[in-house]
S.K.: 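Sharing a structure with you now.
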Amino acid sequence: MKKFDGEKPDKSQREARMREAIKKAAFELMAAKGLDKVSMREIAEKVHVTKPVLYYYFKNKEDLCDSIIADHEKQFCKQLQNVQNSAKGPEGILYEGLKSHLDFFMKDPIHSKFVIQMISYTLDMDPQNASRRSENRYIHGMLEHVLQQEEKNGKIPSGSIHDIVRLVSGLATEIMFCAYLDQHVCPKHMKGVLYNDEIISRLVKIVLLGIKAYYKEQK
């Protein structure tokens with residue numbers, strides 16, 4: 001039955017909004033203080049609910065962290081999907097992918113701060129959990145999928161996808177670190193170091209030229 005304007009949202013809608021409110025509060029607190037320094041009690045107070053309410057939606061803080069991180073991975077994957085739909089050729093794909101990465105971190109300073117806090121927290125984790133947390137499996141898998149068609153079309157050397165993904169991942173990580181340093185640590189000293197469209201374009205060309213030269217040499 002169609003809902004009338006002004007009708008109260010049903011239980012599923014209320015729960016979805018509460019779940020998002022909890023994740024938003026946790027994200028902000030963890031970005032500011034660190035993942036290991038924020039308690040469920042603090043999160044509950046920020047959302048103005050009791051701790052049992054939090055445990056209704058998330059079984060523990062680890063579950064909450066995983067949900068937040070999964071959301072960000074999905075955002076990156078969506079960006080890469082948009083790149084796949086709009087960019088032409090490997091150079092365009094890598095450029096637009098790194099550019100969207102730069103825009104993501106420069107648009108809102110909280111993103112780079114949260115990632116740094118997450119990395120710090122991961123270093124202190126149990127090795128098995130740390131490898132799962134830091135894998136970026138969705139992002140790498142998505143980029144590999146996008147490049148597979150370029151490989152089939154002969155635009156990049158056969159067998160080079162994993163090397164390209166590793167190189168681009170390194171650039172993406174440095175983009176994030178530079179954004180963090182500029183936004184939270186030493187903005188006055190970052191002049192000439194920050195990434196921009198021109199730098200990204202140049203580095204993408206260097207990566208692809210280097211890959212092609214290397215694989216040609218190996219034949």
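Bear in mind that the values here come from a model prediction, so they are computed numbers and not experimental data.
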S.K.: Any donor and acceptor pair, going by atom type alone, linking the side chain of H48 with main-chain N or O of A44 inside 3.5 Å?
M.R.: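 No, H48 side chain to A44 backbone: no donor-acceptor pair under 3.5 Å.
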S.K.: Might you point out which heavy atoms bring Y55 and N60 nearest each other, and give the distance in Å?
M.R.: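 So the minimum-distance heavy-atom pair works out to CE2-CA, 4.1 Å.
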S.K.: With rounding to the nearest 0.5 Å, note down the distance linking CD1 in I156 to CD1 in I164.
M.R.: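 So the gap between those two atoms works out to 4.0 Å.
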S.K.: Assess the residue pair M106 and D182 against the criterion (side chain to side chain contact (heavy atoms under 4.5 Å, CB included)); give the C-alpha distance rounded to whole Å, side-chain angles, the decisive distance to 0.1 Å, and a yes or no.
M.R.: CA-CA 9 Å; M106 296 304 292; D182 177 62; 4.1 Å; yes
S.K.: Would you say the ring centers of Y180 and H111 fall short of 6.0 Å from each other?
M.R.: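 Aromatic pair excluded; centres sit 6.0 Å or further apart.
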S.K.: Please find the pair of heavy atoms, one from S160 and one from I211, that lie closest to each other, and give the distance.
M.R.: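 Looks like CB-CG2, 3.8 Å.
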S.K.: When you measure from the side chain of E96 to the backbone N and O of A87, does any donor-acceptor pair fall under 3.5 Å?
M.R.: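 Between the backbone of A87 and the side chain of E96 there is no qualifying donor-acceptor contact (under 3.5 Å).
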S.K.: Treating E151 as the side-chain partner and G159 as the backbone partner, does any N or O pair qualify as donor plus acceptor under 3.5 Å?
M.R.: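 A pair under 3.5 Å: yes.
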S.K.: Begin from the C-alpha positions of R19 and E15 and carry the test salt bridge (Lys or Arg N to Asp or Glu O under 4.0 Å) through to its verdict.
M.R.: CA-CA 6 Å; R19 187 177 175 85; E15 289 187 347; over 6 Å; no
S.K.: Show, in sequence, the C-alpha distance, side-chain angles and deciding distance for F114 and I68, and conclude whether the side chain to side chain contact (heavy atoms under 4.5 Å, CB included) test is met.
M.R.: CA-CA 10 Å; F114 179 83; I68 293 170; 3.8 Å; yes
S.K.: Charged N to carboxylate O below 4.0 Å: is that the case for D10 and R14?
M.R.: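 Salt bridge: no.
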S.K.: Going hydrophobic residue to hydrophobic residue with side-chain gaps under 4.5 angstrom, can you get from Y56 over to V49?
M.R.: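 Y56 clusters together with V49.
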S.K.: Should F27 and H72 count as side-chain neighbours, where that means a heavy-atom distance under 4.5 Å?
M.R.: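 Answer yes - side chains close enough.
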S.K.: About how many Å separate CD1 of I161 and NE2 of H145, when rounded to the nearest 0.5 Å?
M.R.: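 It comes to 10.5 Å.
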S.K.: Should the heavy atoms of other residues, nucleotides or ligands under 6.0 Å from CD of E198 be counted, would the total exceed 12?
M.R.: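 Atom CD in E198 is not packed in, count stays at 12 or less.
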S.K.: Would V165 and I206 show up in the same hydrophobic cluster when neighbours are defined by side-chain heavy atoms closer than 4.5 Å?
M.R.: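 Yes.
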S.K.: To the nearest 0.5 angstrom, please state how far the CE atom of M176 sits from the CZ atom of F104.
M.R.: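 Reported value, rounded in 0.5 Å steps: 11.0 Å.
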S.K.: Do Y195 and L203 have side-chain heavy atoms sitting under 4.5 Å apart?
M.R.: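 When only atoms from C-beta onward are counted, L203 and Y195 do touch, with a gap below 4.5 Å.
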S.K.: State, with a plain yes or no, whether a side-chain heavy atom of L29 is found less than 4.5 Å away from one of K37.
M.R.: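 A side-chain contact under 4.5 Å is absent here.
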S.K.: To the nearest 0.5 angstrom, please state how far the CD1 atom of I22 sits from the CZ atom of R17.
M.R.: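 The CZ atom of R17 is 13.5 Å from CD1 of I22, to the nearest 0.5 Å.
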S.K.: Would you name the heavy atoms of P90 and K155 that are closest together and state the gap between them?
M.R.: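 Shortest heavy-atom separation between P90 and K155 comes out as CD-CB, 3.7 Å.
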S.K.: Would you name the heavy atoms of M30 and I43 that are closest together and state the gap between them?
M.R.: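 In terms of heavy atoms, the two residues are closest at CE-CD1, 4.3 Å.
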S.K.: Any link between V38 and V53 through a network of hydrophobic side chains (Ile, Leu, Val, Met, Phe, Trp, Tyr) touching at under 4.5 Å?
M.R.: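 Yes, V38 connects to V53 through the hydrophobic network.
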S.K.: Closer than 3.5 angstrom, by distance alone: can the side chain of S67 be matched with the main-chain N or O of D63 as a donor-acceptor pair?
M.R.: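 Checked: no pair found.
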S.K.: Taking the side chain as everything from C-beta on, heavy atoms only, tell me whether K212 gets closer than 4.5 Å to P157.
M.R.: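 Yes - at least one pair of side-chain heavy atoms lies under 4.5 Å apart.
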S.K.: So does S39 get a backbone contact from the side chain of E42, meaning a donor-acceptor N/O pair under 3.5 Å?
M.R.: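 Yes; at least one donor-acceptor contact below 3.5 Å.
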S.K.: Specify the closest pair of heavy atoms between F105 and A179, including all atoms of both residues, with the distance to one decimal.
M.R.: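 Here F105 and A179 meet closest at CB-CB, 3.9 Å.
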S.K.: Is it the case that the side chains of Y214 and D163 hold a donor-acceptor pair, with the cut-off being a distance below 3.5 Å and no angle test?
M.R.: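 D163 vs Y214: no donor-acceptor pair found between side chains.
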S.K.: If we ignore hydrogens and angles and just use 3.5 Å, is the side chain of S120 paired with the main-chain N or O of I116 as donor and acceptor?
M.R.: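 Not at all, since once roles are kept as given, no pair shorter than 3.5 Å links the two residues.
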S.K.: Taking S201's backbone N and O only, do any of them form a donor-acceptor pair with E91's side chain (distance below 3.5 Å, no angle check)?
M.R.: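 No, E91 side chain to S201 backbone: no donor-acceptor pair under 3.5 Å.
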S.K.: Find the distance between CD (E28) and NZ (K33) and round it off to the nearest 0.5 Å.
M.R.: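 Reported to 0.5 Å precision, the distance equals 13.5 Å.
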S.K.: Decide, yes or no, whether a salt bridge links K23 with E20 under the criterion of side-chain N to carboxylate O below 4.0 Å.
M.R.: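 Counted as a salt bridge, because a side-chain N and a carboxylate O are separated by less than 4.0 Å.
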S.K.: Quick check: is F177 connected to V185 through a chain of hydrophobic side chains (ILVMFWY, heavy atoms under 4.5 Å apart)?
M.R.: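 Shared cluster, yes.
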S.K.: Could you check if a side-chain atom of M18 sits within less than 4.5 angstrom of a side-chain atom of V47, using non-hydrogen atoms only?
M.R.: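 Yes. Closest side-chain heavy atoms under 4.5 Å.
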S.K.: Apply the test side chain to side chain contact (heavy atoms under 4.5 Å, CB included) to residues L143 and L147: give CA-CA distance (whole Å), side-chain angles for both, the deciding distance (0.1 Å), then the verdict.
M.R.: CA-CA 6 Å; L143 182 55; L147 291 173; 4.2 Å; yes
S.K.: Say you draw a straight line from CG of D103 to CG of D108; how long is it, rounded to the nearest 0.5 Å?
M.R.: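 If I round to the nearest 0.5 Å, the distance is 13.0 Å.
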S.K.: Do the side chains of I175 and I200 get nearer than 4.5 Å, heavy atoms only?
M.R.: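 SC-SC contact between I200 and I175 confirmed.
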S.K.: Examine distances only and state if a side-chain atom of H184 and a backbone atom of P109 form a donor-acceptor pair shorter than 3.5 Å.
M.R.: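 Yes, the answer is positive, given that a donor and an acceptor are paired below the 3.5 Å cut-off.
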S.K.: Compare every heavy atom of M118 with every heavy atom of L35, then report the nearest pair and how far apart it is.
M.R.: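 Here L35 and M118 meet closest at CD1-N, 3.7 Å.
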S.K.: For the pair H162 and E144, evaluate side chain to side chain contact (heavy atoms under 4.5 Å, CB included) and give the outcome as yes or no after the intermediate values.
M.R.: CA-CA 7 Å; H162 290 303; E144 289 174 2; 3.2 Å; yes
